[in-house]
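Everything on this sheet refers to the single structure shown next.
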Amino acid sequence: PSLSYRTGPYAVNGIPYADGYEDYLTLVNERDGGIGGVKAKVLECETGYNTQKGVECYEATKGEGALVYQPLSTGITYQLIPKATADGIPVHSMGYGRTSAKNGKVFSHIFNYPVNYWDGASHAVNHILDVNGGDIAGKTIALVYHNSAYGKEPIRTLEELSKKHGYKFTPIAVDHPGQEQKSQWLQIRRERPDYVLMWGWGVMNQVAIQEAANIRFPMENFIGIWWSGSENDVLPAGIKANGYKALTFHGVGSDFPIFDDIKKYVVDAGKAAGAGDQVGTVLYNRGLYAALLAVEAAKVAQEIHGTKDINAAQMRDGMEALVIDNAKMEALGIPGFGPEFSVDCGNHGGPGLGAVQQWDAEAGTWSLISDFAPSDMDVIQPLIDEDSSAFATENKIEMKECA
Amino acid sequence: MSPDFLNTIEVILNGLMAGVMYSLVALGFVLIFKASGIFNYAQGVMALFAAMTLVGFQTGQVPFSHLINAVFGTSIHSFGWTLPAVVAVLLTVVVMILFAILVERLVLKHLVNQEPIILFMATIGLAYFMEGMGDLMWGSEMKILDVGVPQGGSLWLEEFTAGWATEGSTYYGMYIDRLDIVATVVAIVLVISLTLFSQYTRTGRALRAVADDHQAALSVGISLRKIWVIVWAIAGIVAMVAGIMWGAKSGVQFSLSLIALKALPVLILGGFTSIPGAIIGGLIIGVGEKLFEYGVGPLIGGATENWFAYVLALIFLVFRPQGLFGDKIIERV
Amino acid sequence: MKNHGTSLVSNIEPGQEVLSVQNISLSFGGVKALTDISFDLVKGEVRAIIGPNGAGKSSMLNVINGFYHPQEGEVFYCGQKRNAMKPHQIAHQGIARTFQNIALFKGMSTLDNIMTGRFTHMKTNVLQHAFWRGPAEQEEIENRLKVEEIIDFLEIQTIRKTPVGRLPYGLQKRVELGRALAAEPVLLLLDEPMAGMNIEEKEDMSRFILDVQEEFGTTIALIEHDMGVVMDISDRVVVLDYGKKIGDGTPDEVRNNQAVIDAYLGVPHE
Amino acid sequence: MNSPAVADTPDSASAVSNSLLSVNNIEVIYNHVILVLKGVSLSVPEGGITALLGGNGAGKTTTLKAISNLLHSERGIVSKGSISYRGQPIADLSPEALVKKGVIQVMEGRHCFEHLTVEENLLTGAYTRGDGKAAVQRDLEMVYGYFPRLKDRRKSQAGYTSGGEQQMCAIGRALMASPETILLDEPSMGLAPQLVEEIFEIVKQLNEEEGVSFLLAEQNTNIALRYAHYGYILESGRVVMDGKASDLRDNSDVKEFYLGVSEGSKRSFREVKHYKRRKRWLS
Amino acid sequence: MFYRQAGDFKSSYREDLQTFALKQDRWAYYALLVVAFLVVPFIINDYWASAVLLPFLILAIAALGLNILTGYCGQVSLGTGGFMAVGAYACYKIMTSAPDLSIFFVVLLSGAVTALVGLIFGIPSLRIKGFYLAVATLAAQFFLVWLFNKVPWFYNYSASGQISAPERTMFGWAITGPNAEAPVRYLFCITIVVLLAWIARNLTRGRIGRSWMAIRDMDIAAEIIGVDPLKTKLLAFAVSSFYIGVSGALFFSVYLGAVEVGEVFGITLSFLILFMIIIGGLGSILGSFIGAGFLVLVPVLLKNVMVNGLGWPTDIAAHIEFVIVGGLIMGFLIVEPHGLAQLWRLAKEKLLLWPFPH
Ligand SMILES: Nc1ncnc2c1ncn2[C@@H]1O[C@H](COP(=O)(O)OP(=O)(O)OP(=O)(O)O)[C@@H](O)[C@H]1O
Ligand SMILES: Nc1ncnc2c1ncn2[C@@H]1O[C@H](COP(=O)(O)OP(=O)(O)OP(=O)(O)O)[C@@H](O)[C@H]1O
Ligand SMILES: [Mg+2]
Ligand SMILES: [Mg+2]
């Protein structure tokens, strides 16, 4: 099931994502007659981004033969980590959730491929390195972050990276919900960091981009995480948001063959989950991508276990053996849409490839300005190991052996 | 002048401006409290609702289109027109007046003479109701609000002040958002006219009477219903103004309703019953939280504004339990 | 079950001074509520305080039970000078009162209201109450017995469990008296206990007051506008006018005092 | 019928017979369960002073509130019977419509607007009036004339005035509406004896000079019957006796229970030993 | 029609002080207990436990606590979420630093810690009253949440700042952690609930409760009677915070298992608990339960009806849910401002009078 949130403070982001997710499964059902002939069903359950409702949703849906959960909220993911593991149902937190869940030896049922926040931090720094010809010693990078577990995720990584690359790092917290960011942006205006990164969410993104534009901070030096990089985030600032960058781990726009199918089988057939106006937006694509990965994993599972009607445990195996390469993407009608990656027993997060996209306010479109590039695993891997083993000790989990 | 000094001034000025923005929201609370003793929790949602309605009119959205589409399988979304901002604002004003009438008819009328906490609770119910209603009517996706309020730093000021710093230091001039300047002007106009209204008119006096004692007000022939409609309509319009100002910054979305939380410390600091208090309280909170975040924030990890505003208000309250300008809480036996 | 107030007074003989106020002045901003007032209350008497509206009578009671703090002057209680104290501390010294604008606890029943009057006599702590059985219950029952006596005495048995908010004005006044009596006070301050009652009820009320005075030797300060009642049941009368004392003495003396007649009584009262 | 002591009371109750306000057999229930009035009927003649007497909890206040339509806000309803003013039913009118018609109530227990100054309190009384500032100003002076004490305290918040001052303020406020009928609930409560006399003199003056009609609930039977033309005695939600004021004054039961006179002479409050007497008509 | 109180025949004051004055009430209550302890555990499934019963029981404790403070002592507080967070974090710290301590005591200790914190935040209540106080308590709400988010010690320096409950057992049964079975968790919670409800009842029926109510109804008069306002209010804050702390601890450890402070213990939760007591009935133990039950059950019910039953899109269902819950809140207040518990009481009063209407 996909736990969605079309209401509450983050509805703005939740809606297109959920639409994309659902539409893709509709497409699969309509066009292909299901996954390997078995119709897929989305159990959408509204959480309003509220942990408590998340529990209710989980319990309500797990009995219905749920194969995989997309909690779509870091809080709910954390909560499901032990529960779902105990129940033997895999969880896919794509680009959010607990970063160290990448370590499949500890987190047997949690998957966070293709990327995680620590990768993101590294991607951003890599991008800055690229722009500066590889040398950023002495530059300053500020991080504007949502003052929550989510927002704090990249700090450790960025600190480690600053040791390595010699830039100066300033974290600047914004309290929930983030409607008022004057102090933060005055500080940025005063200190003139060379780059500003942002881990924002909800209204905080819009206000930050607006404020950045107001103080005339050069937009191309302002890079957001993938949750700060949707159309919604840049539109309120209008033309001034031109040049704003954000990370991503999947393609942008609707220039892929698959969207023709979506149009044909879903939107025009009147089966779209939403109004159909979200197709091709960043978050829609992300939802679609999540669904696509789930379907692919299910296909793998069907293959491994030689059965069409897979259960949650089999699905987990499928996810663990998932391989996405260019040929497959081509076949699926999304050539080059996402990075190539593969999942294995010890690595539930893939190689962590990500790209940078930039906003063109005139045209009102995002475009990729880099290839999918890897993150700095030398720095990240030790952090992951440290965190996951701490979790393992705390919860007395035996590390799984991986071949 | 040293850049540090200028920076502090800048922080203070921006604090003042931020404070004005809070005051805009706080004003709505004060109005309703003053006129009926009701602590209107729904004020924030009213701002959201007004802003949504405004955008809806402006862009020609069909109300309830999602619901209609879901039930009848149609796909209608827009009337296909766009209205000029002024017309949309006027239409929204009409809607807010209708809203006031409905609230009075359906809710307040039945709750005459109840304890404040009950009325408070009813407004929470109202907030829920409107939140759901707003989303049903206009959809919960984000909307862009543009009624032509200018935004961005004032270049003129920036250039004008850039030279003030001591030679040789890098100073970029002072930053003030033009939106804030507009907000300040609007707020000043609102405060002055509302103060005059409540202090010096017959209706204004009646408002205050109602807040003190519903029954006695009835007994001298004050129509609670009329008073309430007037007040809620005004509060609705004030909410719309707040919604426009805040919505211009962040787009119109659910979080807009949370600005109420920024207004509450302003409210208690200024006093629930004082219109000028809402402004002064706003200024104090604005400056206080910005200075604290500027001076102390970096030492303790920042993001202090939310709680600091409340703590600041709390400190003032310990010395003046009714807020700076609120009516004294009469304690007699 | 003795409170500190009682022990303080136990060595005071009838006829000796229980409380005296000396040179009290109290003003609120520009309003002078009391100017240089002195008088005393002796044990076991009914001391009436009368005077036109706004003369400062209620303010005087508020000074006595510590709710107002006079700018000047002293209060002597049981022969000792009283330091600045909080009203609740004064209550523990054995001073109880009723209020002009009824101050009952609206959300509670008559019984509970009167039980709160026993507050100064109850000692069990939170933990004991948390587990109820044992001392807490014991104490509740003991005090309940006292309260039932008072309920019987005031003849309000039938409204024992009624929330006081629903009671008519006069009965509320009676319950309030009950609450004050429940404290078994040394000094009882009554602020217009008979306002809003008819003759018959006033008679009853007078009876209660006199009985309390006789049975328990309670000293009573009484504010009342019904001259019939005042003249009949009080032993001595203080008269205030515009915050000043204009007369003090037995009812007969006061009745014939020209200043009092001019300021308050209007015509000589029969 | 007039006794010499009250020769100044105009015995005109019989003359004014056309009923201004009439209450027919009303029942009032609070909170859906508490039946308080069990069929009360009374009528107030135009230009008359009618007294409503009775002990605590008899239902006087409830009757007045039923008339002025204030019960609704106390979760009370008139479940039976009808009330009409000048022949028209008024049960469905809002309280303010009733004030506009000229019926105003002075509520028991003061009910001043605490945070408003005394003068503002008085001015709210004139809220429904449309006859210009000058007239309001004139009436304000008139009220200050009646209650000089209020003039002294005009600028202080009503919440800080003494009990008696609040009572004056409440009465003054009602007068400011220049009503044609006033429902007075215990006007004498908490007022100094002199003032009580004065208030009743004001009542009388308004009644005679301006033709204002009064329905007054009063515990001070003595004075009420001295000024009223007609009286009703209410016990436990029923009218147990009614008649001309002068008749009532001479009734021996009334004498005994409401006037405190037994066997011809006034009883002393000190002497009343037995407080368990039964009212004869109830037993 | 069998609901009868045969006259007010109580032979002793002890009987008159009983919680359930009527025999029928008493029996109904015992029956309820029997069902709760002996029947429910055997028929409960994961969904019912996690979606309905556990949140109901746990939030009912918080509602009880808030009701003590707000309903009985008259101090409106919007800091409940923050105090629940204190309970949760205290629980986490105690669990991880004393792994062998029985979870039962961990929970109680968490309550005690919260009581201390509540005491501190209660101090301003001496001067600040009414809505001023209500808003001022938000200072606690925001500050506490900020604190738990900012200071890594509270979450044992974990990278994400989330806390997760490790497995703890009692009598060999897992109470917390992913392996805890629904019936066990349920029994653990209901035991604590019954215990705390009983204590709340005891506290409110005697001297302590009366002093609270006196402060609520008229603080000046209470003080003049001899009630020390500071002590009384602080006691209310402490006791109430204890309950809220226990609830927070259970919410975290038994119910959710993992918590991010800003999201779970935010202001929404504070308001939710406040709704519960107002809808249920201020100053009523029963009301706390009714209110909690109502606000936990209704959304679940509505959702099930609209989404599963009628097949509406989840977002529209969610919006309608808001509209309905808001409408119900207003509706109930209009019908009976004193809450569902009062409605119940009135119904009983009517039954007692039956068949005579009055
Ligand atoms: N807290 C206060 N603030 C301001 N003025 C006050 C306060 N308390 C009393 N006063 C004023 O002091 C004067 C005396 O008031 P007080 O209540 O003592 O009068 P009183 O003698 O009891 O009159 P009454 O018989 O009308 O009750 C009044 O004019 C009153 O307005
Ligand atoms: N809001 C209410 N809810 C329930 N019962 C009420 C309410 N108000 C009054 N009552 C009941 O109605 C009865 C009549 O009360 P009412 O106030 O009319 O008496 P009254 O004659 O004015 O008495 P008093 O002279 O004491 O003012 C009383 O028994 C009282 O308990
Ligand atoms: Mg007085
Ligand atoms: Mg009355």
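Hydrogens, waters and symmetry mates are skipped; everything else that's a heavy atom, side chains included, is used. Every chain is numbered from 1 and lettered A, B, ... according to where its sequence line falls, protein lines coming before strand lines. Remember, it's a predicted structure, so these values are computed and weren't measured experimentally.
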For the residue pair Glu305(B) and Lys182(A), establish whether any side-chain heavy-atom pair is separated by less than 4.5 Å.
no
Would a 4.5 Å heavy-atom cut-off, applied to side chains only, mark Gln187(A) and Glu293(B) as touching?
no
Tell me the closest heavy-atom pair linking [X] and [Y], and the distance in Å.
X         : Y         : answer
Leu258(B) : Pro177(A) : CD1-CG, 3.7 Å
Pro236(A) : Gly251(B) : CB-N, 4.1 Å
Asn232(A) : Met142(B) : O-CE, 2.8 Å

Starting at OH of Tyr294(B), measure out to CG of Leu186(A) and round the result to the nearest 0.5 Å.
9.5 Å
Look at the side chain of Asn306(B) and the backbone N and O of His176(A), then say whether any donor-acceptor pair between them is shorter than 3.5 Å.
yes
Proximity breakdown for [X] and chain A, heavy-atom pairs closer than 4.5 Å:
X         : result
Asn14(B)  : both
Asp180(B) : side chain
Lys143(B) : neither

Side-chain donor-acceptor contact under 3.5 Å, Gln210(A) with Ser250(B):
no
Picking from Ile215(A), Asn214(A), Leu235(A), Asn147(A), which has the most non-hydrogen pairs under 4.5 angstrom with chain B?
Asn214(A)
The interface call for Gln181(A) against chain B, heavy-atom contacts under 4.5 Å, is neither
For the side chain to side chain contact (heavy atoms under 4.5 Å, CB included) test, which of Met204(A), Gln206(A), Gln179(A) pairs with Ser255(B)?
Gln179(A)
For Glu10(B), is there an ion pair with Arg189(A) - N to carboxylate O distance below 4.0 angstrom?
yes
Using 4.0 Å as the upper bound for N to carboxylate O, is an ion pair formed by Lys290(B) and Glu180(A)?
yes
